[in-house]
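Since the model is a prediction, treat every value here as computed from it, not as a measurement. Quick note on labels: first sequence line is chain A, next is B, and so on, each numbered from 1.
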2 protein chains.
Amino acid sequence: MAKVNPIRRAEIGREKRARTRAQLIAAANSLFARQAVESVTVDDVVKEAGVAKGTFYVHFDSLEAVTAAVAEELVHSFDELLQPGRVSLAEPALRIAFGCCSFIDKALNDPRWASVVARLAAVAPKGGEMARRRLFEDLQQFSKALPDDGVSAELKLEIVVGIMLQILRALGEGRLSSLDRDAAIGAMLRAIGLNAQEAKSVLVRLPAAPMLESSSRSSTK
Amino acid sequence: MAKVNPIRRAEIGREKRARTRAQLIAAANSLFARQAVESVTVDDVVKEAGVAKGTFYVHFDSLEAVTAAVAEELVHSFDELLQPGRVSLAEPALRIAFGCCSFIDKALNDPRWASVVARLAAVAPKGGEMARRRLFEDLQQFSKALPDDGVSAELKLEIVVGIMLQILRALGEGRLSSLDRDAAIGAMLRAIGLNAQEAKSVLVRLPAAPMLESSSRSSTK
DNA sequence: GTTCATATTGACAAAATAGTCGAGTTGACT
DNA sequence: AGTCAACTCGACTATTTTGTCAATATGAAC
């Protein structure tokens with residue numbers, strides 16, 4: 001008289017499923033740390049994840065899908081790390097500096113992460129869209145409170161993003177390993193219109209960066 | 001009684017060969033403007049070039065080889081455009097600004113070029129090595145003549161490169177099409193340690209940028 | 001119009017990659 | 001110990017891509 005609760009059944013399924021899905025995402029993440037996103041194949045991913053080919057297609061339609069999932073996970077977990085500190089900062093310059101600072105700290109702590117983010121940023125602009133938009137809004141506010149320097153907020157956005165991504169790339173490739181975080185943020189602040197003194201004042205008022213978890217997989221809710 | 005000069009023969013061969021090789025390079029260049037470098041196949045290239053598959057392998061060992069050739073051609077032709085103006089500039093800040101200025105002008109004039117350069121920069125770091133080294137030397141000189149701001153020349157290099165590549169990417173993707181060149185250079189100069197006034201002074205002393213040829217293939221010596 | 005060194009061609013075999021599906025495994029529940 | 005819904009497996013076919021090579025085309029010189 002087997003009477004099994006089908007709802008419970010589905011639950012069990014979902015758990016197992018989530019585990020395997022996470023394995024696949026982690027595998028893709030590892031591969032992106034080593035090689036160009038476009039050069040990764042489905043076979044590479046399943047081999048790295050230690051699952052069968054068919055399993056991949058149960059979870060994702062294509063490589064783009066898993067790539068997007070990797071990007072989303074990265075954005076989401078970084079965001080989670082960032083938002084608590086951000087909300088308490090009223091001044092746009094502080095928010096911008098804080099965000100960049102966290103970015104650099106994380107990259108210094110985990111060059112592998114830096115590599116992956118740098119590579120994905122070039123390929124999956126969708127993923128970082130939200131972060132980009134937030135930064136842009138901060139920059140608009142920031143610009144309004146500044147004597148006009150002829151640099152549009154759009155250009156400032158590209159400048160900040162450009163500097164950050166290049167630093168990520170450099171750290172990911174082993175260059176710049178003794179990077180002075182404050183120097184980098186200072187340069188960035190001057191680029192977007194602060195003078196040396198103002199930049200320094202922002203830096204000293206920066207709250208301690210959020211603590212970072214160590215390198216690898218850990219945030220699977 | 002056929003007596004043919006074998007030296008002349010070889011000459012003819014070399015000419016034809018060079019033409020086809022240039023076709024292949026131009027085809028790869030076109031493709032790189034449209035899609036990720038790693039996603040281009042040999043078949044794509046030969047189809048775009050209008051030659052047979054076998055011909056490709058007569059000229060190049062692999063896709064990497066033709067990619068390197070595209071990068072080299074880009075670097076070489078941009079360098080040719082740049083060097084004449086550069087040598088007359090004694091001040092490092094001027095040389096740096098002049099280089100960046102030419103870069104941006106070219107990108108504004110030819111977004112396709114901007115796309116290709118941005119893509120190749122991420123993939124073929126070998127190609128731009130020389131340009132990178134020159135910029136680094138200028139930055140070292142530049143830093144020496146400046147009160148120490150705690151920003152190493154290495155970091156300055158990454159900052160300048162990061163800003164320039166991001167602007168290229170943005171222009172290549174159609175963002176930022178109304179870019180104010182001087183604003184961008186000004187921001188870059190402030191990032192590497194000049195104050196607003198000094199940056200402006202550099203900008204007004206900048207010689208006219210080298211004239212640019214229009215978009216497409218023309219420099220086949 | 002013949003010659004011939006060189007370049008070009010495209011059909012082909014081999015390798016890599018994508019995507020499918022029937023068979024098999026799992027594990028909480030009874 | 002048996003049940004079963006959901007997951008996983010991996011061999012298989014289809015497609016794409018690579019790299020080769022014997023045959024053919026080219027064209028200036030004679």
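- Residues B/Asp105 and B/Ser102 bring no donor and acceptor atom of their side chains to less than 3.5 Å of each other.
- Between A/Asp44 atom CG and C/dT17 atom P there is a gap of 7 Å when expressed in whole angstrom units.
- We find that CG of A/Asp61 is positioned 13 Å from C1' of C/dA18, with the value rounded to whole Å.
- Rounding to whole angstrom units, CG of residue B/Asp43 and P of C/dA16 are separated by 17 Å.
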Sequence neighbours left out, cut at 3.5 Å: what donor-acceptor pairs do the side chains of residues 185-192 of chain B make with other protein atoms?
{"residue": "B/Arg190", "atom": "NE", "partner": "A/Arg190", "partner atom": "O", "Å": "3.3"}
{"residue": "B/Arg190", "atom": "NH2", "partner": "A/Ala191", "partner atom": "O", "Å": "3.2"}

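- Between B/Gly172 and B/Ala114, the shortest heavy-atom distance links the atoms N-CB, 4.2 Å.
- Distance CZ (B/Phe56) to P (C/dA7): 17 Å, rounded to an integer number of Å.
- In terms of position on DNA chain C, the residue among A/Val42 and B/Gly50 whose nearest nucleotide sits closer to the 5' end is B/Gly50.
- Using a 4.0 Å heavy-atom criterion, one finds that B/Val51 contacts the sugar-phosphate atoms exclusively.
- Base engagement by B/Thr55 is indicated by at least one non-hydrogen atom pair under 4.0 Å involving a base atom.
- Between B/Glu38 atom CD and D/dT17 atom P the separation is 15 Å, expressed in whole Å.
- Protein atom NE2 of A/His59 is 9 Å distant from nucleotide atom P of D/dC9, rounded to whole Å.
- Checking C/dT9, D/dT18, D/dC9 against every side-chain atom of B/Tyr57, the shortest atom distance belongs to D/dT18.
- Classification of the A/Phe78-A/Phe103 ring pair by plane angle, with boundaries at 30° and 60°, yields perpendicular.
- In this structure, the CD atom of A/Glu64 is 12 Å from the C1' atom of C/dA18, given to the nearest Å.
- You'll find that the side chain of B/Leu63 is closest to D/dT18, out of D/dT18, D/dC9, C/dT9.
- Atom NZ of B/Lys53 is separated from atom P of C/dA11 by 12 Å (rounded to the nearest Å).
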